[in-house]
2 protein chains.
Amino acid sequence: MPISPPPTIIDIAKRAGVSTRAVSSALNGTGRVSEQTRSVIRQIAEEMRYQPRLAAQLMRARTTGGVALIIPTDQAEASESGAHGPLMTNFVDLGETEGIRFHFDFVSKARAAHDPAPQSFKGAYVDGAIVTDSMPQVPALRDYLMSQQRYPWVCINEEAPYCVLSDFDDAAREAIRLLIGVGHRNIAFAFGPLDFISHASARSSFEKAAREYDLRVENESRAYFPYKPRREGIAEYVAWATEVLRRPDHPTAFLCSDMRISRAVIYAALRQGLLVPEDISVTGMGTTGDAEKGYPCLTSIEPDFRALAELSYQMLKELIEGEQCVQSTRRVPGKLVSRDSVANVPRGMLCG
Amino acid sequence: MPISPPPTIIDIAKRAGVSTRAVSSALNGTGRVSEQTRSVIRQIAEEMRYQPRLAAQLMRARTTGGVALIIPTDQAEASESGAHGPLMTNFVDLGETEGIRFHFDFVSKARAAHDPAPQSFKGAYVDGAIVTDSMPQVPALRDYLMSQQRYPWVCINEEAPYCVLSDFDDAAREAIRLLIGVGHRNIAFAFGPLDFISHASARSSFEKAAREYDLRVENESRAYFPYKPRREGIAEYVAWATEVLRRPDHPTAFLCSDMRISRAVIYAALRQGLLVPEDISVTGMGTTGDAEKGYPCLTSIEPDFRALAELSYQMLKELIEGEQCVQSTRRVPGKLVSRDSVANVPRGMLCG
DNA sequence: CTGTTAGCGCATTCAG
DNA sequence: CTGAATGCGCTAACAG
């Protein structure tokens, strides 16, 4: 049997012997309808499995109730930033509680090069956009966003006219306090590419905290790794960590701004017979998923994705609704979560 | 200045001094318009930055040109299945080349419990759906999909009336041939929860290949791990691997159906002074991202996400367009990709 | 061959 | 509570 076309309010109106206006009122709670007819109409709508057509609603409405979540992605490193997963699921949650349609819109470097306008800005079915980080990878997109006026947008973890940024100051302090508390004095820092705001911000937070706690970090114990795709990066991290750990007075703890660097350090340590966390402590930075995808699970600093999502949406909402001027950049503190990669400094290495 | 509303074909028609029909024809290549007026109209549309309103197009069209990619997700383990990333980016690519709107629709266990109909089935803005695996986590969704008639759907890596499944037979053979080729004879198997089709299918592929190559796998060298969330799982893997590796005649290679198990084995080995890959070889199964997010990068079996996406879309297209009966379940071979976790069996352990 | 007119589709809402 | 108008892109039917 051919599937009958979806019912419209007209079908319902006929069946109920009322006008379409009555149906609309009854279902949306607008206008005036008697409780009597309202419940009859509801009943019938239920039976016929009525669902309003989004297209028809969008035709009428001046505002769409939709928000694009724009995710710049270079196909090659699609899976590298573990942040997209948690961000998306948090936006899904938010969409459910706030009743808005989030439209996930991946824009690839290749596409942006020949047409920088994101797909979701094309059909007039969103009111604005939230843009996730990793924009340095897709510069054309940024230029386009700045140049257009129609859609308000706010950035997550990226400087922009309106943005919300992770703040790692507290978490960095906490991490260093934790390490000092269990006896570590000789600590190494390792950072990912500083043109990514998360790494740059982690660095400044760590350096600030180190100063506050009078921690001396040797220059040889500081590393800055440029961007390398995938495996190449890791090989470099391992080489560095191996080198550092060969020194007789090597550090007993490593603070890293990237999970892969952390993993590389652990690997390098283990290969020289140094156990983690018994001999060497390591912390990471990134998502829960990445922290728990290997062993030992990493004590690490994590962005507060929930808050990032909520705040960015709040800002966007203000921008969409109001002439109201909102605070243009906000910060949300990251948090340190303790797992299994930090322990007391070994007896033999205690100094003072 | 207030932003002027987006232009419509009416605005263009006025500006060009023609009818709206002419504009529509010119822009869509339907009907007949002289090259003359066509280029004039195109010019004007360009200048005015005209974009057709999706809502208006959808109103008229009987088919929407949209496809939902339904991703069942339990918030808690959102980041666990690394497959979502590669799948999504492949669908984005596909959407660009095929000119279809893919609508990513995450459905959480919680939501499905009180309303099993996916959001994307509500407003009549897609023609059908592709459903990714991990459905066992959200059983209500499956029941709903089976019960409804309106939208055709095809499953990826999950048994269903229409589905496309990864086939690891060839890759498993290749993996075992690789290991045997470099001298391994004493091999262990470790599998994740068998109620996930990927693990179950990996198991049968490995067992089949083992028989073909006359490989004897001791019963103590086989492990089946039930589903445990996150860290708990890993601790168990490590305990098992540690135990196995303590045996004097321990295996020299581990074939695992999950990257986390692989990582746990490597960790356990390293802690007992066994190097990977020099002393112990390990393979994994999963995504490129997970294989390269730690060290050593894992030689592993990977689903062919590109083909999975393409085939599932082809099938769905046939279902949407045709009364045509399509082949109802198709298989796409996974592939073995060599990285750094497999090497020659150590001299001392060579047998025969 | 080139073009126009007159609806269609459907949920919402203003004026009765 | 009802009738009719609105929003906009598409297309069958018709005219020059």
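Keep in mind that this is a model prediction, so the values were computed, not measured. Within every chain, numbering begins at 1; the chains are lettered A, B, ... in the order of the sequence lines, protein sequences first and strands thereafter. Just so you know, these numbers use all the heavy atoms, side chains as well, and skip hydrogens, waters and symmetry mates.
Note on B/Ser24: a base of the nucleic acid sits closer than 4.0 angstrom, heavy atoms only. At the heavy-atom level, B/Arg60 lies under 4.0 Å from base atoms of the strands shown. Using a 4.0 Å heavy-atom cutoff across all strands shown, B/Ser25 reaches no nucleic acid atom at all. Across all strands shown, B/Arg21 has heavy atoms under 4.0 Å from base atoms, whether or not it also approaches the sugar-phosphate. A/Val18 comes within 4.0 angstrom of the backbone, heavy atoms only, and of no base.
Distances were taken from every side-chain heavy atom of B/Thr20 (C-beta onward) to each of D/dT2, D/dC10, D/dC8; the shortest belongs to D/dC10. With C/dA11, D/dA4, D/dC10 as the choices, the nucleotide that has an atom nearest any side-chain atom of B/Ile9 turns out to be D/dC10. Between C/dA11, C/dG3, C/dG9, one nucleotide has an atom nearer to the side chain of A/Tyr50 than all others, and that is C/dA11. Listed nucleotides: D/dC10, C/dT2, C/dT12. Nearest to the side chain of B/Arg32: C/dT2. For B/Thr8, the listed nucleotide lying nearest its side chain is D/dC8; candidates were C/dA11, D/dT2, D/dC8.
Here the two rings, on B/Phe104 and A/Phe104, have centers that are 6.0 Å apart or farther. Note: A/Phe91 and A/Tyr313 fail the aromatic proximity criterion, with ring centroids not under 6.0 Å apart.
With DNA chain C read from its 5' end, the first of the two nearest nucleotides for B/Ser19 and B/Ala55 is the one closest to B/Ser19. Residues B/Gly17 and A/Thr30 each lie close to DNA chain C; by heavy-atom proximity, the contact nearer the 5' end of the strand is made by B/Gly17. Summary of the strand contacts: A/Val33 and B/Ala56 both lie near DNA chain D, and taking for each the nucleotide with the nearest heavy atom, the more 5' one is attributed to A/Val33.
Between B/Tyr125 and B/Ser120, the closest heavy-atom pair is OH-CA, 3.7 Å. Of all heavy-atom pairs between B/Pro303 and B/Leu308, the closest is CB-CD2, 4.1 Å.
Residue B/Asn28 places at least one side-chain N or O closer than 4.0 Å to OP1 or OP2 of D/dC10.
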